[in-house]
Amino acid sequence: MAPQKDLWYTDHVIGENGLINKRLFDPDKALMYASIPKKDLVVYDKDREISHLRRTRPIFNDIKTNESTLVVQIAGSCHDEGGDSAQAGWQVFFGRDHTASSKWNSRGPLNRAMKQTAWSALVEALRYAMDDIEQMIAVHPKIKDIRIASVSSELVDIMTVKIWDWTKHDAPEDDPVPCFLRIKAVHNKIESLVSDGYDVKFWQIPQDTNNDDWRMVGWRITL
C-alpha cells in the first residue's frame, strides 16, 4: 500500500509517548527526506549564502531544493575544561561551497565572565544562531522551516522534550540545569517564532560526521 499523500509533506516525528514531537527533526523518519543520501540532503545556496534541505517530490519523481528551509549547525568546545587555562569557544555555521563560506558563519571565544565549558559554549552558539535566524527571515521571506543541527543529543533532548516542564517554573536559585536562563530565553524566542507561523526543529546528527554519507550534513566544522 502506498503511503498516504499527506505523509509526503510533513517531517513531524512521533515521540516515545505516541504523540507528535513538533520540535524534533529526523530525516530518516520523514518520507520526503528519507530516501535522499545524507551527502545530498543539505545544499548550499551561494546566492543567499544559506543552506537548504533537498526533498523528494513523488508527483514529479524527482528531488528538489526546498527553499522554505534553513539549516544551521551549532557547536561548542572547550580547551582544558576544568583546568586553570580553560577557554571555550562557539561556532554557528550556515554553510559553504568550494569557493567561499557564508557571510553568516561566525565563531568566537566564550565570554570570560561565563563558565568555560563546552556546554556553555554550545548554548551560546544556539543563542547567536537564533539572533542570526531572526535577521535572516526578515531578509528572506521564503524561509519558514528552520532546522538547527547539533551533535549534542543532550541539547536536542532538552529543546524537544524537557524544556516545557522546566519552563513551567522559574529557574531555581542554585540553577541545577547549566545555563538554564539562557536556554529558557532561546525557548521563548522559538515559541514566538512558532506563533508567527515558523516551524523550528532540532536535528541531532552523528558525532562522527566524517564518513561520506554525512559529509555535507556534518560540514566538519572546527572551533
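In what follows, every heavy atom counts, from backbone to side chain, and hydrogens, waters and symmetry copies are set aside.
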Can a side-chain donor-acceptor contact be found between [Y] and [X] if the only test is distance below 3.5 angstrom?
| X | Y | result |
| --- | --- | --- |
| His187 | Arg23 | yes |
| His52 | Asp45 | yes |
| Arg48 | Ser102 | no |

Ignoring hydrogens and angles, write down the donor-acceptor pairs under 3.5 Å from the side chains of residues 154-162, residues two or more places apart or on other chains.
unit_1	atom_1	unit_2	atom_2	d
Asp157	OD2	Lys162	NZ	3.3
Thr160	OG1	Val156	O	2.6

Taking 4.0 angstrom as the limit, do [X] and [Y] come out as a salt bridge?
| X | Y | result |
| --- | --- | --- |
| Lys189 | Glu134 | yes |
| Asp145 | Lys201 | no |
| Asp28 | Lys38 | yes |
| Asp199 | Arg147 | yes |

* Looking only at heavy atoms, what is the nearest atom pair of Trp90 and Ser106, with distance? ->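 Distance-wise, the nearest heavy atoms are CZ3-OG, 3.3 Å.
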* Do you know which two heavy atoms are closest between Leu122 and Ser152, and how far apart they sit? ->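 Looks like CD2-CB, 3.5 Å.
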* Evaluate the criterion side-chain contact (heavy atoms from CB on, under 4.5 Å) for residue pair Ile143 and Ile50; output intermediate values, then yes/no. => CA-CA 10 Å; Ile143 295 173; Ile50 56 179; 3.8 Å; yes
* Any side-chain heavy atom of Val92 sitting closer than 4.5 Å to one from Arg107? ->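 SC-SC contact between Val92 and Arg107 ruled out.
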* **pair Phe93-Ser51: side-chain heavy atoms closer than 4.5 Å** =>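 Sidechains of Ser51 and Phe93: no contact.
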* To do: Mind checking the NE2-CD1 spacing from His140 to Ile133? Nearest 0.5 Å is all I need.
  =>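 Spacing of NE2 (His140) from CD1 (Ile133) equals 12.5 Å.
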* Are Thr65 and Arg55 close enough, and set up right, to give a side chain to side chain donor-acceptor pair (under 3.5 Å), and what steps lead you there? -> CA-CA 6 Å; Thr65 298; Arg55 54 157 297 172; over 6 Å; no
* To do: Report the hydrophobic cluster partners of Leu110, with the cluster defined as I, L, V, M, F, W, Y residues connected by side-chain heavy atoms closer than 4.5 angstrom, directly or transitively.
  =>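 Besides Leu110, the cluster holds Met114.
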* Which residues pass the ring-ring contact (aromatic ring centres under 6.0 Å, His included) test with Phe25, sequence neighbours left out? ->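 Checked Phe25 against ring-ring contact (aromatic ring centres under 6.0 Å, His included); matches are Tyr33, Trp203.
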* Check the pair Arg54, Val42 against side-chain contact (heavy atoms from CB on, under 4.5 Å), reporting the backbone distance first and the verdict last. => CA-CA 6 Å; Arg54 302 177 74 223; Val42 178; over 6 Å; no
